[in-house]
Every structure is written in C-alpha cells, then in structure tokens.
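Okay, so here's the structure we're looking at.
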Amino acid sequence: MAVTIDGKQIAEDVVSKVKLSAAELIEATGVTPGIAVVIVGEDPASQVYVANKGRKARECGFHSVQHTLPEQTGEEELVKLVETLNADPAIHGILVQLPLPKHIDSGRIIQTISPDKDVDGFHFINVGKLGTGELETAFVPCTPEGSMLLIDRILGRDLSGLNAVVVGRSNIVGKPMFNLLLAHNATVTIAHSKTKDLPGLCRNADILVAAVGRPQMIKADWVKPGATVIDVGINRIPAPERGEGKTRLVGDVDFADVASVAGALTPVPGGVGPMTIAMLMANTLVAAHRSVGKTPPRF
Ligand SMILES: NC(=O)c1ccc[n+]([C@@H]2O[C@H](COP(=O)([O-])OP(=O)(O)OC[C@H]3O[C@@H](n4cnc5c(N)ncnc54)[C@H](OP(=O)(O)O)[C@@H]3O)[C@@H](O)[C@H]2O)c1
C-alpha cells in the first residue's frame, strides 16, 4: 500500500518556516514582506482563491493588500495598477488572479509585472531563468514548485538515475514541472494528448506527475510498482452517494486503484493543492529578501 503524501502537513511546515523567517526579516531590516493580489470580476472560485491567499499572507505576518476591480475594468487601467504596484516599495509580490475577463490581454498584464515581483513565475524572464537553470534568481510557478517539494520529501533533492514522466504540457504546470525535474537530475519525458501509448510510457516512470484535468484517468496498470505519484489534477465529479446534486473533488489519478501499486501518492484534496498557496507565501518571502540583498531561506 502506498504512503499517502500529506500535502497539508508539508504545506503547514512551509508556512511555519515562512512566518519565522518573515519575523526575522522584519526584526533585522524593518522590511515587512508585502503581497498585492489583484482580482478583476466576480468569478466565485477566483474570489475564494484570492480570499484564501490574503488570509494566509496575514497569517505569515505579511503586509497584504487586495485590489478588487469590476468586470468591465479596461486593460489600460489594469496596466496602470500593475505599474503602480511595481513601483511600490512596500509590495514585494504581485499576483493577478487568472482568468481575466476576455476583453483583457492576460499575456500583456503578466508581462507588465516586474520580474522581481512576479511571485507566480509567469513572466518570460522567470520562465527563461527556469528553462536555463538559473534557479537561484528565478521565481518558479507555485504549483510545480510545491509538487517538487513533495517529491523532495519522498526521494530527496537529487533524482539522478530516476525516470520521470509529466502528463500535461501547460505553461503553468506541465512545462515548469519538466524543467524542475530536469534541474534535479531526473531523466524526464513530457506527455500530452498526442502521446502514443501513454499507459506504457507512464509504466516506465519512477516519478509520475499528472497534470491533465481528466478525472481518475491514471489507473493502477499505468503505474510502475513503487513509483512516486504526484496528482496535480483537481476535478469536480458528481457524488450521488452524498445526496442529490452533490459533487466531490478527485484528481487525475484513481487514488484507490493506484494506492495498491505506487510507493507514495498524493491525495486530492490534501496533496498538491495546499502546497500551491504555501509556495506563494514562500516566493513572496524570497522576493522581500532579494529586495534588501539578503539571502532567502531554502524550502
Ligand atoms: N493543485 C493546484 O493548485 C492546481 C493548480 C493548477 C492546475 N491544477 C489542476 O491541474 C490540472 C491541469 O491543469 P493545467 O492548467 O495544466 O491544464 P491545461 O492547461 O488544460 O493542460 C492540460 C494538459 O493535459 C493534456 N491532456 C489533456 N487530455 C489528455 C489525455 N487524454 N491524455 C494525455 N494528455 C492529455 C493536454 O494536452 P495538449 O497540450 O495536447 O492539449 C495539456 O497539455 C487541472 O485539473 C487543474 O485544475 C491544480
């Protein structure tokens, strides 16, 4: 039976370390790590994510501001807000909640964020740094960064000799995950919807990362015995057993099935999910350290 990787606990450990380090930074320099979260529109899921980020930032002892803009906000207005935050010395991390309304060019907004405050790691400068292995000065997207930390807790930092397969090639999860695993010496393959014999490819993986968005797609016979399996997927499916119209969250991995084969496996919820917000706090702390020329802690 696989070890269940407790993402909730590991995320709490990260947040505790952030809190401690933030207090030390404030004491030593008078600089309080500051994060600004910008949300445009009324999307209920985004509202919940943003509220959680603000709450966690305050728990870490950060200066936290939220800018809530109406759905009809123009692109120029949003660009101006981001530029103001870029210039604000009290703000070290800027996060623009995606998706933005369709009339706003998300790409332009992301590229307007100063790379030094881009705690989501989506700016081309940070994408390029990750791609070229400049991890000391890069910001890495929070979900793959958190997933990497879970792998680290199971297998250690050096993945020499291990085969990793990442299923999914998105810019926010699959591709950065590929680069992180490579930076940790794994031999990495990235798979997607055009990949031939996906089950056969996955069976070769000592580390299997699923970032697809297809509920319970990965079954036990896709998994190498003893493999470490990281399930990034979050999918809502009907749960009639809980009552009429009820739903529940599942990952891209069939947890009950795969647990009989894998060595270690993340649950959904309680695996990668909590790590994402913890790494956002860690990245903001790192940004604050860099802003005053201090060496940030390692996570
Ligand atoms: N835990 C978290 O905090 C967190 C954060 C972000 C995302 N997520 C979840 O992670 C999942 C992936 O997110 P994303 O943003 O990366 O999704 P995305 O942009 O939709 O990318 C999905 C990827 O999966 C591939 N794919 C789709 N169907 C496939 C199939 N049948 N076989 C093989 N590959 C297939 C796609 O291939 P093509 O490129 O060929 O189309 C694409 O590369 C979603 O469930 C999302 O909700 C979780």
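Atoms within each ligand, like the ligands themselves, are counted from 1 in listed order.
Counting protein heavy atoms only, atom 42 (C) of ligand 1 is closest to Arg169 N, 3.9 Å. With respect to atom 5 (C) of ligand 1, the closest heavy atom belonging to the protein is Thr143 OG1, 3.2 Å. Atom 20 (O) of ligand 1 has as its closest protein heavy atom Val212 O, 4.4 Å. Nearest to atom 21 (O) of ligand 1 among the protein's heavy atoms is Ser170 CB, 3.8 Å. What sits closest to atom 6 (C) of ligand 1 on the protein, heavy atoms only, is Val173 CG2, 3.8 Å. Protein heavy atom at the shortest distance from atom 48 (C) of ligand 1 is Val232 O, 3.1 Å. Scanning the protein heavy atoms around atom 28 (N) of ligand 1, the nearest turns out to be Arg214 NE, 3.1 Å. Atom 40 (O) of ligand 1 has its closest protein heavy atom at Ser193 OG, 2.5 Å.
Residue Thr276 touches ligand 1 through its side chain alone, judged by heavy-atom distances below 4.0 Å. Within the 4.0 Å heavy-atom criterion, neither part of Thr195 lies near ligand 1.
In terms of polar-atom proximity, Lys194 is not counted as a contact of ligand 1, lacking any N or O under 3.5 Å from an N or O of the ligand. Remark: ligand 1 and Asp252 share no N or O pair separated by less than 3.5 Å (distance only, no angle test). Considering both main-chain and side-chain atoms, Ile234 comes within under 3.5 Å of ligand 1 through a nitrogen or oxygen pair.
Under a 3.5 Å cut-off, the side chain of Asp231 and the backbone N or O of Val253 do form a donor-acceptor pair. A donor-acceptor pair is defined here as one N or O able to donate and one able to accept, closer than 3.5 Å; such a pair exists between the side chain of His123 and the backbone of Gln111. A donor-acceptor pair is defined here as one N or O able to donate and one able to accept, closer than 3.5 Å; no such pair exists between the side chain of Asp206 and the backbone of Ala227. Between the side chain of Asp254 and the main chain of Lys219, no donor-acceptor pair closer than 3.5 Å is present. Remark: side-chain polar atoms of Thr195 are not paired, donor with acceptor, to backbone N or O of Leu198 under 3.5 angstrom. Side-chain N or O atoms of Lys117 include one that pairs as donor or acceptor with a backbone N or O of Leu85 at under 3.5 Å. In this structure a side-chain-to-backbone donor-acceptor pair under 3.5 Å is missing from Asn86 to Ile113.
The Val272 neighbourhood of ligand 1 comprises atoms 1 (N), with distances under 4.0 Å to a heavy atom of that residue. Which parts of ligand 1 touch Gly273 is read off a 4.0 Å heavy-atom cut-off, strictly below it: atoms 1 (N). Per-residue contacts place Ile172 under 4.0 angstrom from the following atoms of ligand 1 (heavy atoms of the residue considered): 15 (O). Within ligand 1, the atoms closer than 4.0 Å to a non-hydrogen atom of Leu198 are 32 (N), 33 (C), numbered from 1 in the order shown. Set against the non-hydrogen atoms of Gly168, the atoms of ligand 1 under 4.0 Å away are 23 (C), 24 (O), 43 (O). Each of the atoms 11 (C), 44 (C), 45 (O) of ligand 1 lies under 4.0 Å from some heavy atom of Gly213.
The existence of a salt bridge linking Glu12 and Lys19 is excluded, since no basic side-chain nitrogen approaches an acidic carboxylate oxygen closer than 4.0 Å. Salt-bridge formation is detected for the pair Asp152/Arg157: a Lys NZ or Arg NE/NH1/NH2 atom is positioned less than 4.0 Å from an Asp or Glu carboxylate oxygen. For Glu59 and Lys56, the salt-bridge test passes: some basic side-chain N is under 4.0 Å from an acidic carboxylate O. Ion pairing between Glu71 and Lys102 fails under the 4.0 Å rule for side-chain N and carboxylate O.
Note on ligand 1: Gly174 sits outside its first shell, no heavy atom being nearer than 4.0 Å. Contact analysis puts Asn235 in contact with ligand 1, with a non-hydrogen atom separation below 4.0 angstrom. At least one heavy atom of Ala211 sits closer than 4.0 Å to an atom of ligand 1.
The number of heavy-atom neighbours closer than 6.0 Å to CD of Glu42, taken from other residues, nucleotides and ligands shown, is 12 or below.
Nearest heavy atoms, Asn235 versus Gly251: ND2-O, 3.0 Å.
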